[in-house]
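Inspection log for the structure reproduced underneath, given as structure tokens.
Every value quoted in this text rests on a predicted model; they were computed, and no experiment measured them. Labels below follow one simple rule: chain letters A, B, ... track the order of the sequence lines, proteins then strands, and each chain is numbered from 1.
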Amino acid sequence: MSISFETIEQTLSLWMRQACAAVFPGADLAALPLNVVATTDASFGDYQCNAAMSVAKLLKMKPRDVAQAIVDRAGCPVGVERIEIAGPGFLNFHLSADWLARRLEAVQTDARLGVPAAGQGKTVILDYSSPNVAKPMHIGHIRSTVIGNALDRLHRFLGWRVLADNHLGDWGTQFGLLMLGFRTFADPTAYEASPIEELERVYVASYNRSKEDENWKNAARAELVKLQQGDAENRELWRSFIEHSLREFERIYQRLNVKFDLVRGESFYNDKLPGVIVMLQENGLAEESDGALIIKLEAEKLTPCIVRKSDGGYNYATTDIATVLNRAEEFKPDAVIYVTDERQQLHFKQFFTVCRKLGVTTRLEHIWFGLMRLPEGTFSTREGNVIKLDRLLDEAESRALALVQQSSPDMPPAQQREVARCVGLGAVKYADLSQNPQSLVTFTWDKALALDGNSAPYLQYAYARIASVQDKYRERFPVGDPLAQPIQLADPLERALAVKLLRFPDIVLRAAANFRPNQLADYLFDLAQTYSTFYQNVPFLKAEAGVRESRVRLCDITAKTLRCGLNLLGIETPDRI
RNA sequence: GCUCCCGUAGCUCAACUGGACAGAGCAUGGGAUUUCUAAUCCCAAGGUCGCAGGUUCGAGUCCUGCCGGGAGCGCCA
């Protein structure tokens with residue numbers, strides 16, 4: 001069953017706006033921030049509002065007088081026991097325990113846990129992961145993939161129609177070097193055994209030679225031109241590179257539980273590029289410069305955007321413009337979101353600006369994240385110092401397995417491996433999702449594979465403990481039915497847990513709106529900590545009947561929230577750990 | 001030279017986009033288990049939020065300058 005809820009912040013904020021309008025008729029409050037938000041500290045109540053300060057400024061009154069007027073004349077919204085005025089004019093809302101309990105009861109039987117379907121009827125295209133063909137996926141790809149996938153899951157859960165598109169790098173100058181290298185250096189046996197590894201080796205060899213051999217460089221360029229002109233043999237080779245790469249990528253995506261709705265590489269748009277140029281010219285945007293076709297963006301204080309090279313070839317920008325035009329026409333999305341690393345910020349600014357000039361009104365967002373680097377500096381395929389994604393995941397699973405074997409020696413080995421898989425993968429994903437995407441990341445094994453503290457295993461452990469409590473309850477009280485008993489919030493630890501649980505919908509909305517999965521991760525960790533304190537200090541199975549059922553219900557809602565939240569981050573929750 | 005990010009406890013990171021005495025984890029020291037999974041919990045210690053000004057009732061958050069780190073800046077993607 002699914003009930004349509006307004007979130008608590010939405011309800012209280014709306015009430016506040018109406019209250020201010022009623023108490024101060026005639027004042028133009030439309031532009032003022034009157035939002036009610038969760039408090040940072042329980043001593044300030046459950047929710048707080050700073051409206052009095054902004055209203056006071058507008059009306060040239062004292063903030064405390066404004067706050068007092070609101071409290072005196074507007075009363076309290078439903079569910080709020082009292083509103084206190086604190087400090088310079090903060091309004092602190094204290095929710096009634098009874099209202100919290102009734103609300104939790106409704107959430108418990110709601111399939112969406114009270115999260116509104118805010119994206120209903122809207123479409124978003126998510127462009128993420130997008131690895132380059134013929135190169136192995138390495139730890140640098142994990143951020144785009146994991147963050148993009150979390151945004152995918154968040155939006156889908158909120159009711160958006162999501163089209164996840166893997167915009168593969170399957171076209172471009174690297175193919176000249178790759179083809180020439182392949183014909184010269186490739187070892188058929190190695191290629192058969194491990195195509196991507198061999199392609200990578202071949203590419204690096206070819207690239208290195210091009211740096212010192214001008215003829216080699218020219219020959220590579222000739223191969224590229226042949227490919228672009230549709231030469232059958234090069235075309236076939238190119239196709240086989242893509243095929244092998246996709247098979248390899250697919251294996252890793254399955255491992256990460258990542259699914260795409262569309263896999264349209266850059267080459268998909270090849271035949272649309274001349275049309276884009278014509279369009280740019282017709283709009284008077286493009287001009288010749290040193291043989292290339294460029295779009296000047298001086299008014300926007302951006303460097304020019306090159307849309308056709310002097311040799312007649314097209315650029316990244318041209319493909320991206322064609323892609324947006326195509327997406328807008330075919331899918332009519334409300335938004336197109338790109339998840340890439342920080343180095344592409346300028347490119348996206350230029351390209352979005354050009355799209356606007358072409359009359360594209362679709363919301364375009366570039367969600368960039370800090371480049372992953374090694375303690376000794378950046379890494380690249382060419383340098384050969386990459387850490388493959390497979391190796392990272394293998395290492396994660398084997399570290400987790402050691403831990404599982406140690407703490408659950410009686411578990412059957414097959415189950416130990418399955419738990420280790422969930423825990424190891426969860427740890428890797430969580431390491432990326434729990435911090436601000438834009439922060440700079442230096443890769444270290446211990447950080448990426450942390451299994452304690454603020455980590456996925458901590459959350460998974462909390463979840464597994466609840467599953468165990470529920471089993472024990474059924475064992476000892478086979479005729480008991482928690483849902484038949486009301487939730488009671490007498491103990492402060494129960495109340496604290498209840499308040500935290502009911503924040504979930506607002507957190508999910510915010511994490512999606514800000515494109516910041518770490519805000520959800522933060523919340524889940526906080527929730528798990530609150531639960532662990534509750535678990536440690538409040539008995540449930542030994543509590544008297546009634547209280548016992550109420551607490552088991554709190555456990556159940558916590559489990560559902562953890563599972564739902566972790567699932568939104570792409571992290572699994574085994575029942576045993 | 002110009003543009004964009006970042007600088008918070010010994011270490012790794014938060015801080016709901018301008019709100020209350022800046023919070024966690026790790027590491028350190030102390031404590032809790034005959035009882036629901038100790039991969040846990042409780043307590044302690046740890047800070048001039050890079051520096052200097054400014055705006056504001058209020059600044060880690062906004063503005064200016066400087067210092068330090070990263071990234072980008074016409075035919076790569």
Side-chain angles (χ1 to χ4, degrees), chain A residues 9 33 35 37-41 43-44 48 50 53-54 56-57 62-63 86-90 92 130 132 169 171-174 266 289-294 301-311 313-317 319-320 340-347 349 368 370-371 373 378 403-404 406-408 423 431 434-436 438-440 442 444 446-447 450-455 457-458 460-462 464-473 476 503 506-507 510-511 514 516 518-519 521-523 525-526 529 532-533 535-543 551-552 555 576-577:
Chain A
E9 288 189 5
N35 290 347
V37 298
T39 52
T40 48
D41 186 325
S43 64
F44 303 141
Q48 64 130 328
N50 309 323
M53 268 82 81
S54 27
K57 181 175 261 177
K62 288 181 184 162
F90 296 111
N92 292 338
S130 309
N132 284 329
W171 199 252
T173 44
Q174 78 267 26
E266 292 165 4
S289 172
D290 296 331
L293 198 65
I294 66 164
K301 292 186 178 151
L302 294 171
T303 49
C305 179
I306 298 179
V307 290
R308 194 178 65 204
K309 300 187 281 185
S310 51
D311 68 1
Y314 303 105
N315 296 68
Y316 186 32
T319 310
D320 272 346
T340 82
D341 73 58
E342 59 186 323
R343 290 174 301 186
Q344 303 194 32
Q345 288 177 79
L346 175 60
H347 163 72
K349 275 185 194 160
W368 59 266
L371 193 61
R373 60 204 97 211
T378 53
L403 193 56
V404 175
Q406 181 196 323
S407 49
S408 304
V423 169
S434 62
Q435 66 178 305
N436 186 335
Q438 302 191 341
S439 56
L440 197 133
T442 302
T444 62
D446 285 341
K447 209 186 341 167
L451 299 173
D452 55 3
N454 186 356
S455 69
Y458 177 86
Q460 290 167 320
Y461 178 68
R465 287 211 293 193
I466 298 175
S468 175
V469 165
Q470 289 172 319
D471 285 351
K472 291 265 161 50
Y473 176 82
R476 295 184 200 175
R503 284 185 187 173
D506 279 311
I507 298 292
R510 200 177 78 216
N514 295 342
R516 293 273 301 274
N518 75 301
Q519 295 181 334
D522 267 1
Y523 165 80
F525 180 63
D526 186 28
Q529 280 190 123
S532 293
T533 299
Y535 175 89
Q536 204 79 21
N537 296 294
V538 179
F540 348 121
L541 298 185
K542 284 180 312 186
R551 289 179 180 164
V552 169
C555 287
R576 293 283 172 279
I577 192 168

Would you measure the distance from the [atom1] atom in [N] across to the matching atom in [M] and give it in whole Å?
N     : M     : atom1 : answer
B:G60 : B:C51 : C1'   : 14 Å
B:C66 : B:C49 : P     : 22 Å
B:A52 : B:A59 : C1'   : 15 Å
B:U3  : B:A27 : P     : 44 Å
B:A20 : B:G74 : P     : 44 Å
B:C4  : B:A15 : P     : 22 Å

Is A:Glu9 reaching over with its side chain to a backbone N or O of A:Asn35, donor-acceptor style, under 3.5 angstrom? no
Listed nucleotide nearest any side-chain atom of [X], set [options]:
X        : options             : result
A:Phe44  : B:A77, B:G74, B:A20 : B:A20
A:Gln519 : B:U37, B:G19, B:A15 : B:A15
A:Leu346 : B:G70, B:C73, B:A20 : B:C73
A:Asn436 : B:G19, B:U37, B:A14 : B:A14
A:Arg516 : B:A77, B:A14, B:C36 : B:A14
A:Arg373 : B:G70, B:A20, B:A15 : B:G70
A:Ser468 : B:C36, B:A77, B:A20 : B:C36
A:Pro88  : B:G74, B:A77, B:G19 : B:G19
A:Asn518 : B:A15, B:C73, B:C57 : B:A15

Using distance alone, with no hydrogens and no angle criterion, decide if A:Asn514 and A:Gln519 have a side-chain donor and acceptor under 3.5 Å apart. yes
Between [X] ([atom1]) and [N] ([atom2]), how many Å, whole number?
X        : N     : atom1 : atom2 : answer
A:Gln470 : B:U37 : CD    : P     : 11 Å
A:Phe525 : B:C26 : CZ    : C1'   : 11 Å
A:Trp368 : B:U3  : CH2   : P     : 17 Å
A:Asn132 : B:A77 : CG    : P     : 10 Å
A:Asn454 : B:A24 : CG    : P     : 12 Å
A:Asp320 : B:A77 : CG    : C1'   : 9 Å

Partner nucleotide of [N] by Watson-Crick or wobble geometry (both distances under 3.5 Å):
N     : result
B:U64 : B:A52
B:A44 : B:U28
B:A39 : none
B:G23 : B:C13
B:G72 : B:C2

Give me, pair by pair, the N or O atoms of the protein and of nucleotides 38-43 of chain B that are less than 3.5 Å apart, along with how far apart they are.
unit_1 : atom_1 : unit_2   : atom_2 : d
B:A38  : OP2    : A:Arg465 : NH1    : 2.8
B:A39  : N7     : A:Ser407 : OG     : 3.4
B:U40  : O2'    : A:Arg465 : NH2    : 3.0
B:U40  : O2'    : A:Gln536 : OE1    : 3.0
B:U40  : O2     : A:Gln536 : NE2    : 3.2
B:C41  : OP1    : A:Tyr458 : OH     : 2.4
B:C41  : O4'    : A:Gln536 : OE1    : 3.4
B:C42  : OP1    : A:Thr533 : OG1    : 3.0

Is the shortest side-chain N/O distance from A:Ser439 to OP1 or OP2 of B:A14 below 4.0 Å? yes
Closer to the 5' end of RNA chain B via nearest nucleotide, is it A:Gln48 or A:Ala464? A:Gln48
Tell me which of A:Gly169 and A:Val538 sits closer to the 5' end of RNA chain B, going by the nucleotide each one is nearest to. A:Val538
So [X], base contact, sugar-phosphate only, or nothing? Heavy-atom distance under 4.0 Å.
X        : value
A:Lys349 : sugar-phosphate
A:Val37  : nothing
A:Glu266 : sugar-phosphate
A:Arg343 : sugar-phosphate
A:Asn50  : base
A:Pro33  : nothing
A:Asn92  : base
A:Val552 : nothing
A:Ala86  : base

May I have the step-by-step check of side chain to side chain contact (heavy atoms under 4.5 Å, CB included) for A:Trp368 and A:Arg343, ending in yes or no? CA-CA 8 Å; A:Trp368 59 266; A:Arg343 290 174 301 186; over 6 Å; no
Any chance you could lay out the side chain to side chain contact (heavy atoms under 4.5 Å, CB included) test for A:Ile507 and A:Arg510, step after step, and finish with the verdict? CA-CA 5 Å; A:Ile507 298 292; A:Arg510 200 177 78 216; 3.9 Å; yes
